[in-house]
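The structure under discussion appears below in the form of structure tokens.
In what follows, every heavy atom counts, from backbone to side chain, and hydrogens, waters and symmetry copies are set aside. Keep in mind that this is a model prediction, so the values were computed, not measured.
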Amino acid sequence: MASQTQPDKSMQEMNNAHFNEAAKTWDKKKEVVDMAARVADAITRTVPLNKDVSTCLDFGCGTGLLSTHISPHVHHIHGVDAAQSMIDAYTAKRLPNMSATCIDLTSATAHPSTLPGAPYDLACVHMVLHHIQDAEKVINVLAGVLKPGGVLVVTDLEKTETSHLFHGHAHGGEGGHGHGHGHHHHHGHNIKDLLAYDGGFDAPMMTAWCEGAGLVDVEFKSGAFSVVKPVTVEEKCYKEHEGGVCPKEKVENREFALFMAVARKPM
């Protein structure tokens, strides 16, 4: 279920403000850096790529952590992100076969087919979809910029009975996020204000969206990756507190699953 947003700003605007600030220290988050490397390795082992001709689109590219690891395997990789500071950090890496554009590809004024390198052999979106209210539209947009035979790869939080805790009272950055958060937004918003799909996604939803976008051979790899992160959980303390039971919080390390969905555009 989508979280409630404040009426003065859209969820997209709040996310942009958050990640523009987060870009300053993004590449110092070890868990984010390490997960990007793991996901890129899985992608390049799953999708046939040719470093002389293959092109890739990295949607919600952030500072370019995923792109950096994929770039040796492709001729060109182009990143898109709606947060300008993330794009600035991406382009500052100055790798010769990487470029980036600050754009919201789901906006009515966007023209994805005109992006550098389009159409693409590979489109990937890593830990971004749960921030986007019309996530299904993203799948449709990415399917539209693939070459016939091109592959879409989505990695994100897998919906389980406890996956909603991934964003709940988190301490530190989100493990493995293309974007990640602390507990509160830098501009005073609770992290829940930035989430359209708080608990992540399941196989039926991703499969339906991919097939609805005209993609085939959809494979949902459950538990493809795992993230251990500290979360604050509430328990009961049974000492007297103003005549009743007082809430007590404790920090626990919890393991969360990330899925990898892979789908192909028909020839």
Side-chain angles (χ1 to χ4, degrees), residues 11-44 55-106 110 112 115-117 120 122-132 135 138 142 153-157 166-167 170-187 189 191 194-195 225 227 229 258 260:
M11 181 176 289
Q12 182 67 65
E13 290 170 328
M14 288 189 288
N15 272 291
N16 290 350
H18 173 75
F19 291 116
N20 276 323
E21 180 69 21
K24 298 174 183 178
T25 57
W26 199 247
D27 289 3
K28 296 179 181 179
K29 297 177 183 289
K30 184 179 185 300
E31 70 279 14
V32 175
V33 174
D34 291 348
M35 181 56 75
R38 290 167 60 192
V39 170
D41 179 65
I43 291 173
T44 55
T55 57
C56 173
L57 178 68
D58 184 357
F59 179 90
C61 61
T63 63
L65 294 175
L66 188 69
S67 289
T68 300
H69 289 288
I70 293 176
S71 64
H73 302 272
V74 297
H75 177 68
H76 183 261
I77 185 166
H78 189 74
V80 295
D81 201 294
Q84 183 63 57
S85 294
M86 288 288 186
I87 293 296
D88 292 343
Y90 185 111
T91 56
K93 290 181 168 61
R94 299 186 182 281
L95 294 179
N97 67 333
M98 285 171 50
S99 60
T101 302
C102 184
I103 187 174
D104 175 6
L105 282 189
T106 65
L115 291 172
Y120 300 97
L122 167 66
C124 48
V125 51
H126 171 53
M127 290 297 286
V128 176
L129 280 188
H130 61 268
H131 287 284
I132 301 175
V138 173
L142 296 180
V153 179
V154 179
T155 49
D156 214 302
L157 181 64
F166 189 83
H167 299 98
H171 286 252
E174 288 185 6
H177 221 293
H179 293 318
H181 338 282
H183 177 52
H184 285 285
H185 185 267
H186 290 282
H187 297 269
H189 300 294
I191 189 60
L194 308 179
L195 305 170
F225 311 97
V227 176
K229 63 181 301 234
L258 307 186
M260 184 167 81

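We find that Arg38 and Asp34 are not joined by a salt bridge, their nearest charged nitrogen and carboxylate oxygen being 4.0 Å or further apart.
No side-chain heavy atom of Val138 sits less than 4.5 Å from a side-chain heavy atom of Leu105.
Between Asp156 and His130, the side chains place a donor N or O and an acceptor N or O closer than 3.5 Å (distance only, hydrogens not considered). Checked by atom type, the side-chain pair Thr55/His76 shows no donor-acceptor distance below 3.5 Å.
Residues passing the side chain to side chain donor-acceptor pair (under 3.5 Å) test with His69: none are found, sequence neighbours excluded.
Remark: side-chain polar atoms of Asp81 are not paired, donor with acceptor, to backbone N or O of Met86 under 3.5 angstrom. Remark: the backbone N or O of Thr63 is paired with a side-chain donor or acceptor of Lys93 at under 3.5 angstrom. Side-chain N or O atoms of Asp58 include none that pairs as donor or acceptor with a backbone N or O of His78 at under 3.5 Å.
Heavy atoms from other residues, nucleotides or ligands lying under 6.0 Å from NE2 of His75 number 12 at most.
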Begin with the C-alpha distance, continue with both residues' side-chain angles, and end with the deciding distance and a verdict on side-chain contact (heavy atoms from CB on, under 4.5 Å) for Phe59 and Ile132. CA-CA 12 Å; Phe59 179 90; Ile132 301 175; 3.6 Å; yes

Using the side-chain contact (heavy atoms from CB on, under 4.5 Å) rule, take Cys61 and Leu66 through it: C-alpha gap first, then chi angles, then the decisive distance, then the call. CA-CA 7 Å; Cys61 61; Leu66 188 69; over 6 Å; no

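Checked options Leu115, Ile77, Val74; the residue passing with Tyr120 is Leu115 (criterion: side chain to side chain contact (heavy atoms under 4.5 Å, CB included)).
Across all their heavy atoms, Cys124 and Cys56 have their closest contact at SG-SG, 3.9 Å.
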